[in-house]
Protein chains: 2
Amino acid sequence: MAGKVELRRAALRTALIAHAKARITADGLKNLRARDLAKDAGCALGAIYNVFGDLNDLVLAVNAETFHDLGASVAESLSDAPQTPTDQLIVMARAYHHFAAQNYHLWRALFDIERAPGEAAPEWYLAEMGRLFAYIDAPLSVLHPNHDAEQRTLLTKALFSSVHGIVLLGLDEASSGVPAPQIDEMISLVLSQLAS
Amino acid sequence: MAGKVELRRAALRTALIAHAKARITADGLKNLRARDLAKDAGCALGAIYNVFGDLNDLVLAVNAETFHDLGASVAESLSDAPQTPTDQLIVMARAYHHFAAQNYHLWRALFDIERAPGEAAPEWYLAEMGRLFAYIDAPLSVLHPNHDAEQRTLLTKALFSSVHGIVLLGLDEASSGVPAPQIDEMISLVLSQLAS
DNA sequence: ACCTAAAATTGAACAAAGTTCAAAAAGGAA
DNA sequence: TTCCTTTTTGAACTTTGTTCAATTTTAGGT
C-alpha cells in the first residue's frame with residue numbers, strides 16, 4: 001500500500017476545498033476559520049497544514065475552481081450564438097455580472113485574498129485571466145481588424161476593467177448599490193459605445 | 001478648566017489619525033496595529049478606545065480625510081480649464097488615477113475597510129461620492145442635454161465605475177499591472193468613446 | 001491647602017485565530 | 001513481534017484587537 005497516505009491526503013485536500021467553498025459561500029472570506037474547517041472535515045487542526053502551506057493556499061485552491069467556473073460561465077454565454085461582435089461582448093459581460101451576483105462571496109474571494117507584496121499572481125490565475133481576455137479579444141478583432149495586437153490588448157483590458165468596475169461597485173450594497181437590471185444597462189451602455 | 005479633557009482627547013484624536021495615516025501610507029491597511037499606534041502617539045493601548053470605538057472607526061476617520069483630499073484633487077484638475085466636456089472628463093479621470101497611484105495604500109483603504117454587513121456607508125462617504133458624481137455630471141449635462149436625470153445618473157455611475165475599474169486593475173501589480181501611461185490611455189479610450 | 005468623590009487613564013489580562021512542533025499513533029520491514 | 005520511520009495530532013505559542021479592574025487625575029467643597 002504505497003499510495004495510501006497520498007490517497008488520504010488527496011481526499012482531505014478535496015474535502016477541505018469543498019468545505020472552504022461552502023464556508024466562503026455562506027459567510028464570506030473574512031469569516032473563514034481554520035478551526036471551523038477542521039471540524040467540518042473531521043480532521044485535526046494541524047492536518048490542514050499537512051495538506052496546504054497555510055489557509056491562504058487553501059483559499060487559492062478554492063479561487064482556482066471559482067475562476068474556472070467563471071470562465072466556463074462566460075464561455076457558455078456565447079453558446080446562444082449572438083449575432084454581432086458587440087452583442088457577444090454584452091452577453092459575456094452580463095454572464096460575468098450574473099456569475100458575480102450568484103456567487104458573490106466566492107467571486108469577492110478572487111480579489112480579496114491576501115497576496116504577498118511584490119509577488120506575481122499564480123500561473124493558473126494568469127492563465128484563466130488570459131482565457132477571459134481571449135474571449136473578449138475575438139469579437140474585438142472582428143470589430144477592429146486594422147488594430148494591431150498592442151492596441152487590441154489595451155482595449156481588451158480597458159473593456160474588462162470597465163465591466164469589472166461596474167459590477168464591483170454595482171454589487172456593493174453599502175456604497176452605490178445598483179439594481180441588477182441597471183447594472184446590465186450600464187454594461188450595454190459602455191460596451192455598445194466602446195465597441196463601435 | 002471645563003474643556004481640558006475634551007482638548008486632550010481632541011489632540012489625541014488628531015494625533016492618532018495622523019499616525020494611522022502614516023502607517024497606512026507606509027505599510028498598507030492590513031499592517032496597521034493598535035500597539036504600533038499607541039507607541040507612535042505615546043499613549044496607552046487602551047487610550048485608543050477612549051477616543052475611537054475601535055480601530056475601524058479610526059480608519060474611517062482616516063478615510064474621510066483621504067476621500068476629501070481625493071475630491072479636492074479631482075476638483076483642482078479642472079482649474080486648468082480644459083475646453084470640451086470630454087476633455088474635462090478625461091482630466092478628472094486622470095486626476096483620479098494619479099491620486100490613487102500617489103496615495104495607493106490610503107486609496108485602497110477606502111475600499112478595503114471592513115464594513116458591517118447590511119450596513120450603509122457613512123454619510124460623509126455618500127456625500128463625498130455625491131460630490132464626485134456631481135463633477136462628472138456637469139460635463140455630461142453639456143454633452144447630453146436631452147437626457148433625463150435618471151439616464152445621466154446611470155451614465156455617471158457607469159463612467160465612474162469604468163474609470164475606477166481601470167485604475168483598480170491597472171494599479172494591481174500582481175494581476176494585470178499596467179504602466180501608468182497605458183492606464184491614462186485606457187481612460188482616454190473609454191471616455192472619448194463613452195462621452196460621444 | 002486638604003479631602004473626597006467622580007471621571008479618566010492605564011496596561012495587564014482576556015479572547016480569538018493562525019501556525020508550530022513535541023509527542024503519540026500508524027505504517028512497514030526484518 | 002520488534003524497531004525505526006513517517007504521519008497525525010492537538011496542546012501550546014504567537015499575535016492582535018478589545019476590555020476592565022485598579023490607579024491616577026480632576027474638580028469642587030470645606
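What you see below is based on every heavy atom in this structure, not just the backbone, and it leaves out hydrogens, waters and symmetry mates. Every chain is numbered from 1, with letters handed out A, B, ... down the list of sequences.
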Review point. Is a side-chain N or O of Ser161(B) found less than 3.5 angstrom from the main chain of Ala158(B), in a donor-acceptor match?
Key: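 Judged by distance alone, no pair lies under 3.5 Å.
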
Exercise for review: Examine distances only and state if a side-chain atom of Asp54(B) and a backbone atom of Tyr49(B) form a donor-acceptor pair shorter than 3.5 Å.
Suggested key: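 Answer holds: no.
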
Review point. Is the distance between the ring centroids of Trp107(B) and His97(B) less than 6.0 Å?
Key: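 Not close enough - the centres of the two rings lie 6.0 Å or further apart.
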
Review point. Which comes earlier along DNA chain D counting from the 5' end, the contact point of Asn56(B) or that of Gly42(A), where each point is its nearest nucleotide?
Key: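 Nearest nucleotide further toward 5': that of Gly42(A).
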
Rounded distance in Å - [atom1] ([X]) to [atom2] ([N]):
| X | N | atom1 | atom2 | result |
| --- | --- | --- | --- | --- |
| Asp54(A) | dT14(D) | CG | P | 19 Å |
| Leu58(A) | dG18(C) | CG | P | 11 Å |
| Arg13(A) | dT8(D) | CZ | P | 15 Å |
| Lys39(A) | dA16(C) | NZ | P | 14 Å |
| Leu55(A) | dA16(C) | CG | P | 18 Å |
| Ile113(A) | dG18(C) | CD1 | P | 14 Å |
| Arg23(B) | dG17(D) | CZ | P | 12 Å |
| Tyr49(B) | dC20(D) | OH | C1' | 14 Å |

Check your understanding: Quick one: does Arg35(A) reach the base of dG18(C) with a side-chain donor-acceptor pair under 3.5 Å?
Key ->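 For Arg35(A), whose side chain was compared with the base of dG18(C), there is a donor-acceptor pair (under 3.5 Å).
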
Review point. What is the nucleic acid contact for Leu32(A), judged by heavy atoms within less than 4.0 Å: base, sugar-phosphate only, or nothing?
Key: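 Sugar-phosphate contact only - Leu32(A) comes under 4.0 Å of backbone atoms but never of a base.
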
**Study point:** Atom pair CZ (Phe160(A)) and CD1 (Ile166(B)), whose distance is rounded to the nearest 0.5 Å
**Key:**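 Between atom CZ of Phe160(A) and atom CD1 of Ile166(B) there are 12.0 Å.
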
Check your understanding: To the side chain of Ala34(A), which of dT19(C), dG17(D), dT9(D) is closest?
Key ->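 From the listed options, dT19(C) comes nearest.
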
Review point. Which of the following nucleotides, dA11(D), dA12(C), dT10(C), is nearest to the side chain of Leu45(B)?
Key: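 Selected nucleotide: dA12(C).
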
Check your understanding: Looking only at heavy atoms, which two atoms of Leu191(A) and Ala93(A) are closest? And how far apart?
Key ->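 It is CD1-CB, 3.6 Å.
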
Review point. Of Asn50(B) and Gly53(A), whose closest DNA chain C nucleotide lies nearer the 5' terminus?
Key: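 Result of the comparison: Asn50(B).
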
Exercise for review: Would you tell me if any nitrogen or oxygen in the side chain of Arg8(A) comes within less than 4.0 Å of OP1 or OP2 on dT8(D)?
Suggested key: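 For Arg8(A), the contact criterion (side-chain N or O under 4.0 Å from OP1 or OP2 of dT8(D)) is met.
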
